[in-house]
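Below is one structure, written out as structure tokens, with a few remarks after it.
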Number of protein chains: 2
Amino acid sequence: MRGNWFNEERTTRHRRELAIIGQRNRLQYIILGLLNQRPQTGYDLAKAFENEIGEFWQAQHSQIYPMLKRLETAGEITHEDTIAGEKLAKKQYSLTPSGHEKLVAWVSEPSPELAATKDEFILKLYFIKSADDPRLQPMLQEQAVLHRTQLAHLKQRRQTVFPDQAAIDQAYGHYLILDHAIGREQYYVDWLNQLLEH
Amino acid sequence: MRGNWFNEERTTRHRRELAIIGQRNRLQYIILGLLNQRPQTGYDLAKAFENEIGEFWQAQHSQIYPMLKRLETAGEITHEDTIAGEKLAKKQYSLTPSGHEKLVAWVSEPSPELAATKDEFILKLYFIKSADDPRLQPMLQEQAVLHRTQLAHLKQRRQTVFPDQAAIDQAYGHYLILDHAIGREQYYVDWLNQLLEH
DNA sequence: TTAAAACATGTAATTAATTACATGTTCACT
DNA sequence: AGTGAACATGTAATTAATTACATGTTTTAA
């Protein structure tokens with residue numbers, strides 16, 4: 001395990017037992033995982049970050065293209081040049097055996113760190129000292145709208161992407177994380193509603 | 001609103017309605033908020049990131065000290081040099097009226113963006129295709145241990161920091177976010193438990 | 001037929017965040 | 001008297017991520 005600014009090996013301080021991590025090079029693994037599903041172009045990968053994994057991880061094409069080069073240099077992926085139509089050049093990337101191994105190793109290794117949630121609203125709440133602060137109710141209202149919208153969006157996605165049991169069985173992990181995200185939003189909405197009822 | 005890579009103004013794409021943000025310069029506001037509570041040194045601020053706000057935001061002293069200089073140059077904060085003991089130099093920072101204004105403006109402005117949650121376990125789950133994958137159960141078990149521990153830790157903190165109603169009334173926002181964090185962890189644990197019962 | 005949207009691939013500049021380097025003081029305990 | 005933990009403040013190097021710059025092709029719909 002790489003040294004983390006605050007981890008369990010750091011025995012001299014006992015303020016917190018569990019490390020909360022920022023973000024490390026997980027992008028490479030996501031790319032390997034996506035390419036394991038099927039060979040894809042950088043553009044396809046960028047779209048995946050806007051769609052299915054977008055709820056959980058974000059990356060722009062400006063981060064993806066350089067990473068594809070790095071991974072190819074490292075021998076984890078290769079590409080095949082193709083031409084679409086008259087002359088539109090595409091690079092179809094796919095995993096090498098080494099890349100596949102690396103992906104399997106990553107999924108199999110422990111994930112002992114808590115997710116770093118950076119929620120600006122929660123941060124602002126911290127600085128509201130009193131329950132009577134006139135800013136509090138509007139803030140809660142605003143967040144309720146935001147999270148109700150997101151909840152509806154996620155439920156809609158679940159219905160579209162997983163219409164039947166067969167769809168769930170084919171991409172069980174994807175189903176689980178969508179289900180998890182829905183539950184998380186539902187909790188957020190319930191928590192806000194309960195506060196709004198005072 | 002500063003241009004975001006994927007926001008509501010971007011009307012030409014309709015894949016997602018709500019922006020998920022990365023991280024912007026929120027550190028400065030957190031520092032202003034902390035200094036608004038009471039004048040503090042950089043060291044004190046760093047400790048606050050390990051304790052109360054550590055569940056919601058992380059920053060190291062190597063980020064804090066330069067930010068204090070930036071904020072002082074910008075006229076948002078000032079400092080007073082003091083000596084502790086024989087010769088230990090301390091810099092006690094406090095808000096200027098301008099810094100206070102800036103803090104109030106930030107808290108008052110809308111927070112229309114969803115939190116970016118980067119959870120490595122959730123990411124790995126995405127790449128588990130089948131419910132029969134032998135890695136799935138151990139992964140869920142591991143996460144259950146992690147989140148049960150965190151839940152216990154947060155509940156302990158609530159009991160310590162908010163033993164009575166008076167404590168809650170004095171730092172209502174802090175209480176709310178701790179309550180929110182507990183609810184969030186409780187949901188995570190319940191979700192994992194329900195999956196582990198198959 | 002033409003304009004907009006989507007497809008497609010890159011690089012550059014900047015900012016945010018982590019990790020490591022660097023140094024010294026004070027307090028509590030043995 | 002000595003040691004280790006906590007107090008205290010910085011900088012440097014690196015990595016991650018965002019935003020902006022840059023260019024061209026193909027498809028779709030008015």
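Here is the naming used below: chain letters follow the sequence lines, and residue numbers restart at 1 for every chain.
The side chain of W57(B) lies closest to dA17(C), out of dA17(D), dT9(D), dA17(C). Here the nucleotide nearest the side chain of S62(A), chosen from dA8(D), dC7(C), dT19(D), is dT19(D).
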*Would you check, one step at a time, whether the test side-chain hydrogen bond (donor to acceptor under 3.5 Å, both in side chains) holds for D44(A) with T41(A)?*
CA-CA 5 Å; D44(A) 294 331; T41(A) 66; 3.1 Å; yes
*asked:* Between Y187(B) and D190(A), is the side-chain hydrogen bond (donor to acceptor under 3.5 Å, both in side chains) condition met? List the steps.
replied: CA-CA 12 Å; Y187(B) 162 68; D190(A) 290 346; over 6 Å; no
*Derivation of the side-chain contact (heavy atoms from CB on, under 4.5 Å) call for Q143(A) and W191(A)*: CA-CA 11 Å; Q143(A) 291 298 307; W191(A) 183 77; over 6 Å; no
*asked:* Pair L34(B), I53(B) - check side-chain contact (heavy atoms from CB on, under 4.5 Å), show working.
replied: CA-CA 10 Å; L34(B) 290 170; I53(B) 34 173; 3.7 Å; yes
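Between the CG atom of N51(A) and the C1' atom of dA6(C) there is a distance of 13 Å, given to the nearest Å. Atoms CD (Q63(B)) and C1' (dT19(C)) sit 12 Å apart, rounded to a whole Å. Per the geometry, NZ belonging to K90(A) stands 3 Å off P belonging to dA8(C), to the nearest Å. Spacing between atom CD of E120(A) and atom P of dA16(C) amounts to 13 Å, rounded to whole angstrom units. Atom CD1 in I64(B) sits roughly 14 Å away from atom C1' in dA16(C) (whole-Å rounding).
Formation of a donor-acceptor pair under 3.5 Å by the E52(A) side chain with backbone atoms of H174(A) is not found in this model. Checked by atom type and distance alone, the side chain of D179(B) never pairs as donor or acceptor with a backbone atom of Y175(B) at under 3.5 Å.
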*Would you mind building the protein contact string for nucleotides 21-29 of chain D? One character per nucleotide, 5' to 3', B for base within reach (heavy atoms under 4.0 Å), S for sugar-phosphate only, - for untouched.*
---BSS---
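One finds no side-chain N or O of Y43(B) lying less than 4.0 angstrom from the OP1 or OP2 phosphate oxygen of dT9(D). For K118(B) and dA16(D), the shortest distance from a side-chain N or O to OP1 or OP2 is not below 4.0 Å.
Between Y43(B) and K47(B) there is a side-chain heavy-atom pair separated by less than 4.5 Å. Taking the side chain as every heavy atom from C-beta outward, Y188(A) and H180(B) approach each other to under 4.5 Å.
Scanning residues 65-74 of chain B for heavy-atom distances under 4.0 Å to DNA chain D yields Y65(B), K69(B).
Note on ring orientation: taking the six-membered ring where Trp is involved, the planes of H79(B) and Y93(B) are tilted (angle from 30° to 60°).
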